[in-house]
Amino acid sequence: MNWDDLRIIAAVRDEGTYAGASARLRIDETTVGRRLARIERALGLRLFEAVDGVRKPTRQCDMVLAHIEAMAAHAEEIGRIGESLPGPVGRLRIASTSAIAEEVLAPRASEFLRAHPGLTLQFLTSSDNVKFSRWEADLAIRLRKPDKGDFAISKLAEVRSYFFEPAATTAGDVMLCAYPDDLGAIPEMQFLRTKRLRARCVTDNVRIIHTLIQSHHAVGVLPEHSCAGLLTDRRLRATLLPKRRDVWLLVQNHLKRDAATRVTIDWLRACFQDAAQRG
């Protein structure tokens with residue numbers, strides 16, 4: 001059973017005929033009869049009797065109608081929820097890496113959600129890209145620009161990166177933290193190759209790199225939003241990389257003009273701008 005079928009019962013009761021219910025609901029008269037028959041089979045009872053050319057509800061149908069009327073009232077109340085909330089209303093799924101979600105978005109999410117009580121954000125965090133073409137997310141933040149896809153794409157931000165090394169240590173005591181080979185084209189890896197050190201730790205998890213750098217026995221490159229506590233550490237030397245990394249925003253096409261999406265996109269841009277200023 002579904003709500004569309006149950007509405008037909010109320011329409012037949014109100015109009016008295018299949019034809020009247022058909023005109024009211026703007027569906028074919030044969031469809032009205034077919035769906036009613038399906039409900040009767042599912043419930044194991046008869047809903048209407050023909051009396052002088054008019055469909056009259058049976059006693060069991062009256063019991064069913066009492067529940068339908070309650071459901072209709074609840075459906076109407078659900079429809080008014082958005083009217084009672086100021087600003088845009090909606091639920092958006094945002095896909096990103098864990099580091100971006102935790103370090104760029106989460107610290108600023110509370111204020112944003114309080115300012116927009118009609119919005120709900122679902123954060124999807126993974127090192128692997130969600131299948132955007134299969135509608136697994138509404139918005140996606142990518143560190144590499146997709147070659148193609150049926151979605152809107154725009155540059156969200158440019159992120160600075162820093163190379164960290166111990167301020168005082170011998171070359172033999174230093175361990176290089178590098179990113180996996182499949183990230184060889186990113187500015188971070190291009191810079192690390194110039195150091196001509198053998199990678200002793202390979203990971204795409206920036207928190208692991210952060211921890212090793214913090215030990216003062218490792219070198220590595222981190223984006224500005226992952227540098228908490230490192231830039232002020234006098235036992236470390238930080239070098240700003242000359243090349244910034246582009247951050248891209250993917251948006252499902254049908255959401256480009258949606259009010260909830262637009263305000264969320266503006267917030268995402270502000271998050272990266274704020275993170276850059278703090279960095």
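We count residues from 1, following the sequence as given. Small disclaimer: the values here were computed from a predicted structure and weren't measured.
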> Who passes side chain to side chain contact (heavy atoms under 4.5 Å, CB included) against Ala228, sequence neighbours left out?
Replying inline: none
Heavy-atom side-chain contact between [X] and [Y] under 4.5 Å:
X: Ile153; Y: Pro146; value: yes
X: Val54; Y: Thr17; value: no
X: Pro57; Y: Leu65; value: yes
X: His217; Y: Val174; value: no
X: Arg24; Y: Asp14; value: yes
X: Tyr18; Y: Val12; value: yes
X: His116; Y: Pro88; value: yes
X: Arg207; Y: Ser98; value: yes

Do you reckon [X] sits in the same ILVMFWY cluster as [Y], going by side-chain contacts under 4.5 Å, direct or chained?
X: Leu36; Y: Leu43; answer: yes
X: Leu236; Y: Leu231; answer: yes
X: Leu45; Y: Val32; answer: yes
X: Val64; Y: Met71; answer: yes
X: Leu183; Y: Leu192; answer: yes

Of the non-hydrogen atoms in [X] and [Y], which two are nearest, and what is the gap between them?
X: Glu158; Y: Arg244; answer: OE1-CD, 3.9 Å
X: His67; Y: Met63; answer: CD2-O, 3.3 Å
X: Ala99; Y: Val206; answer: CB-CG2, 3.4 Å
X: Val221; Y: Ser161; answer: CG1-CB, 3.8 Å
X: Phe48; Y: Glu40; answer: N-OE2, 3.9 Å
X: Pro223; Y: Val159; answer: CB-CG1, 3.9 Å

> Got more than 12 heavy atoms from elsewhere within 6.0 Å of CG, Asp182?
Replying inline: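 Check passes, neighbour count above 12.
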> Counting only heavy atoms not in Arg193, do more than 12 sit closer than 6.0 Å to its CZ atom?
Replying inline: yes
With a 3.5 Å distance limit and no angle check, can you tell me whether [X] reaches the backbone of [Y] through a side-chain donor-acceptor pair?
X: Gln190; Y: Gly184; value: no
X: Gln214; Y: Leu230; value: no
X: Ser22; Y: Ile27; value: yes
X: Arg93; Y: Ala140; value: no
X: Glu224; Y: Arg160; value: yes
X: Trp267; Y: Leu113; value: no

>> Run Asp138 and Ile94 through side chain to side chain contact (heavy atoms under 4.5 Å, CB included) and show every step you take.
In response: CA-CA 6 Å; Asp138 301 305; Ile94 303 175; over 6 Å; no
> How would you list, by chain and number, every residue that makes a side chain to side chain donor-acceptor pair (under 3.5 Å) with Thr264, sequence neighbours excluded?
Replying inline: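 For Thr264, no residue satisfies side chain to side chain donor-acceptor pair (under 3.5 Å) once neighbours in sequence are set aside.
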Taking atom [atom1] of [X] and atom [atom2] of [Y], what is their separation to the nearest 0.5 Å?
X: Ile8; Y: Thr31; atom1: CD1; atom2: OG1; value: 7.5 Å
X: Leu249; Y: Leu156; atom1: CG; atom2: CG; value: 5.5 Å
X: Cys227; Y: His210; atom1: SG; atom2: NE2; value: 7.0 Å
X: Phe123; Y: Leu105; atom1: CZ; atom2: CG; value: 5.5 Å
X: Arg200; Y: Arg198; atom1: CZ; atom2: CZ; value: 5.0 Å
X: Phe164; Y: Ile213; atom1: CZ; atom2: CD1; value: 6.0 Å

> Are Lys195 and Phe163 in a cation-pi contact, defined as NZ or CZ under 6.0 Å from the six-membered ring centre and within 45° of the axis?
Replying inline: yes
> Linking Ile, Leu, Val, Met, Phe, Trp and Tyr by side-chain heavy atoms under 4.5 Å, what else ends up with Ile208?
Replying inline: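 Hydrophobic cluster check, Ile208: joined to Leu212.
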> Quick one: do the Arg269 and Ser154 side chains pair a donor with an acceptor below 3.5 Å?
Replying inline: yes
>> Over 60° means perpendicular and under 30° means parallel, so tell me whether Phe272 and His225 are parallel, tilted or perpendicular.
In response: perpendicular
> Between Asp5 and Arg38, is there a side-chain N and carboxylate O pair less than 4.0 Å apart?
Replying inline: yes
>> Assess whether a salt bridge exists between Glu69 and Arg13, defined as any Lys/Arg side-chain N lying under 4.0 Å from an Asp/Glu carboxylate O.
In response: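 So Glu69 pairs with Arg13 through a salt bridge.
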>> Could you go through Ile186 and Arg245, starting from their C-alpha distance and side-chain angles, then the distance that decides it, and tell me whether this counts as side chain to side chain contact (heavy atoms under 4.5 Å, CB included)?
In response: CA-CA 7 Å; Ile186 66 176; Arg245 188 171 184 183; 3.3 Å; yes
> Stepwise, does the side chain to side chain contact (heavy atoms under 4.5 Å, CB included) test hold for Leu119 with Phe112?
Replying inline: CA-CA 9 Å; Leu119 292 182; Phe112 175 70; 3.6 Å; yes
>> With side chain to side chain contact (heavy atoms under 4.5 Å, CB included) as the criterion, how do Val247 and Lys155 come out once you've worked through the C-alpha distance, each side chain's angles and the decisive distance to 0.1 Å?
In response: CA-CA 6 Å; Val247 180; Lys155 183 184 289 189; over 6 Å; no
> Would Asp246 and Lys145 count as a salt bridge (Lys or Arg N to Asp or Glu O under 4.0 Å) if you check the C-alpha gap in whole Å, the side-chain angles of each, and the deciding distance to 0.1 Å?
Replying inline: CA-CA 8 Å; Asp246 294 335; Lys145 186 178 181 180; over 6 Å; no
